[in-house]
Peer 1: 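Please find one structure pasted underneath; my questions will follow.
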Amino acid sequence: VGRLSAAYTAPQSGKVYRIHNSKNAKVIGEDGIARELVSVDAAANDFTQLWLLKESGSGFLVQNAYSGQYLQPCAQQSTQVYPTDTVKNVMYIKKVSGTAYSIGQTTGAYLHLDGSNNIVRWWDASNAASQWHFEEVSVSTETVSLQQAAFKAFYEEYQAKLALMDHVD
């Protein structure tokens, strides 16, 4: 799925991106089972690292191309990893400089890659670890829909198995 490239672009609604951190080029991925963001090395065929932007008011819905889950607000500063869920929440993407952008839930609450490579809430968008670059990935909406349907089927089966395990003595 798409090439790995250093060609960053301005984020636009309706496009799919791999989102790189300014500090160390880790990308935002999602652990769909844990429903939280993870930072990982970029991989060309990993849909958990791809994000679809959908304009919503003055911000964007940031939806994972594999799970279909959306980036959620993070309640605690610097200690909690950003969650994902099926609830649609608006995030604000603002240009910092050049091709670097902040991604935040409000002013003073930005995605930040901490020293342990966790993606947490941070107060300062001027810090390189709080700045992100958008690499557009060429993938059809049909392919994204198929990936999301596959994840949904997998997740429902996973939940059913967990429910069965709860009934084992």
Side-chain angles (χ1 to χ4, degrees), residues 2 4-6 8-13 15-44 46-137 144 147-148 151 155 158-159 162:
L4 295 175
S5 135
Y8 300 127
T9 62
Q12 297 176 29
S13 184
K15 298 199 177 202
V16 176
Y17 296 92
R18 189 176 289 111
I19 306 172
H20 299 256
N21 187 261
S22 289
K23 180 180 169 187
N24 66 6
K26 292 278 190 184
V27 299
I28 300 174
E30 182 198 21
D31 179 334
I33 299 297
R35 293 189 177 220
E36 64 185 21
L37 298 185
V38 293
S39 67
V40 293
D41 293 324
D46 188 346
F47 273 80
T48 67
Q49 299 177 2
L50 303 182
W51 299 89
L52 175 62
L53 300 184
K54 299 178 180 180
E55 194 169 358
S56 181
S58 59
F60 291 93
L61 301 174
V62 182
Q63 183 184 38
N64 186 264
Y66 179 57
S67 72
Q69 297 176 143
Y70 295 88
L71 184 56
Q72 301 295 304
C74 186
Q76 297 176 338
Q77 189 87 328
S78 76
T79 58
Q80 177 186 359
V81 174
Y82 263 91
T84 60
D85 203 335
T86 55
V87 177
K88 296 178 180 180
N89 277 292
V90 175
M91 302 301 281
Y92 301 94
I93 299 173
K94 305 288 183 199
K95 186 172 186 169
V96 177
S97 67
T99 61
Y101 291 81
S102 66
I103 305 170
Q105 60 198 54
T106 61
T107 300
Y110 305 101
L111 270 71
H112 174 85
L113 191 65
D114 73 9
S116 299
N117 288 323
N118 297 308
I119 300 171
V120 298
R121 178 176 155 184
W122 197 252
W123 59 274
D124 182 11
S126 66
N127 185 314
S130 299
Q131 296 174 16
W132 304 89
H133 301 275
F134 290 79
E135 173 196 355
E136 187 177 343
V137 178
V144 169
Q147 289 292 319
Q148 291 176 350
F151 176 81
Y155 191 74
Y158 171 79
Q159 292 295 339
L162 284 180

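Below, all heavy atoms of this structure are taken into account, side chains as well, without hydrogens, waters or symmetry copies. Since the model is a prediction, treat every value here as computed from it, not as a measurement.
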Peer 1: Looking at H20 and V27, what are the two nearest heavy atoms and their distance?
Peer 2: ND1-CG1, 3.4 Å
Peer 1: Listed by chain and number, what are the salt bridge (charged side-chain N to carboxylate O under 4.0 Å, His left out) partners of D31, not counting sequence neighbours?
Peer 2: none
Peer 1: Please identify each residue that fulfils side-chain hydrogen bond (donor to acceptor under 3.5 Å, both in side chains) with Q131, with sequence neighbours left out.
Peer 2: none
Peer 1: Short question: side chain of N118, backbone of V120 - any donor-acceptor pair under 3.5 Å?
Peer 2: no
Peer 1: In chain order, what residues pass the side-chain hydrogen bond (donor to acceptor under 3.5 Å, both in side chains) check against N24, with sequence neighbours excluded?
Peer 2: N117
Peer 1: With sequence neighbours left out, what residues match Q72 under side-chain hydrogen bond (donor to acceptor under 3.5 Å, both in side chains)?
Peer 2: N89
Peer 1: Checking N127 now: which residues fulfil side-chain contact (heavy atoms from CB on, under 4.5 Å) with it, not counting sequence neighbours?
Peer 2: H112, W122, D124, A129, S130
Peer 1: Given N21 and W132, is the side chain to side chain contact (heavy atoms under 4.5 Å, CB included) satisfied, shown in steps?
Peer 2: CA-CA 5 Å; N21 187 261; W132 304 89; 3.3 Å; yes
Peer 1: Could you list the residues that satisfy salt bridge (charged side-chain N to carboxylate O under 4.0 Å, His left out) with K15, not counting sequence neighbours?
Peer 2: E136
Peer 1: Identify, with sequence neighbours excluded, every residue that meets ring-ring contact (aromatic ring centres under 6.0 Å, His included) alongside Y158.
Peer 2: none
Peer 1: Under 3.5 Å, sequence neighbours excluded: what are the donor-acceptor pairs made by side chains of residues 92-100?
Peer 2:
residue, atom, partner, partner atom, Å
K95, NZ, G98, O, 3.3
T99, OG1, H133, ND1, 2.9

Peer 1: Applying ring-ring contact (aromatic ring centres under 6.0 Å, His included), can you list everything that pairs with F134, at least two apart in sequence or on another chain?
Peer 2: Y17, Y101
Peer 1: For K23, which residues count as a side-chain hydrogen bond (donor to acceptor under 3.5 Å, both in side chains) partner, sequence neighbours excluded?
Peer 2: none
Peer 1: Would you list the atom pairs, donor with acceptor, under 3.5 Å between side chains in residues 55-63 and any protein atom, with sequence neighbours excluded?
Peer 2:
residue, atom, partner, partner atom, Å
Q63, OE1, K54, NZ, 2.9
Q63, NE2, G68, O, 3.0
Q63, NE2, Y70, OH, 3.3

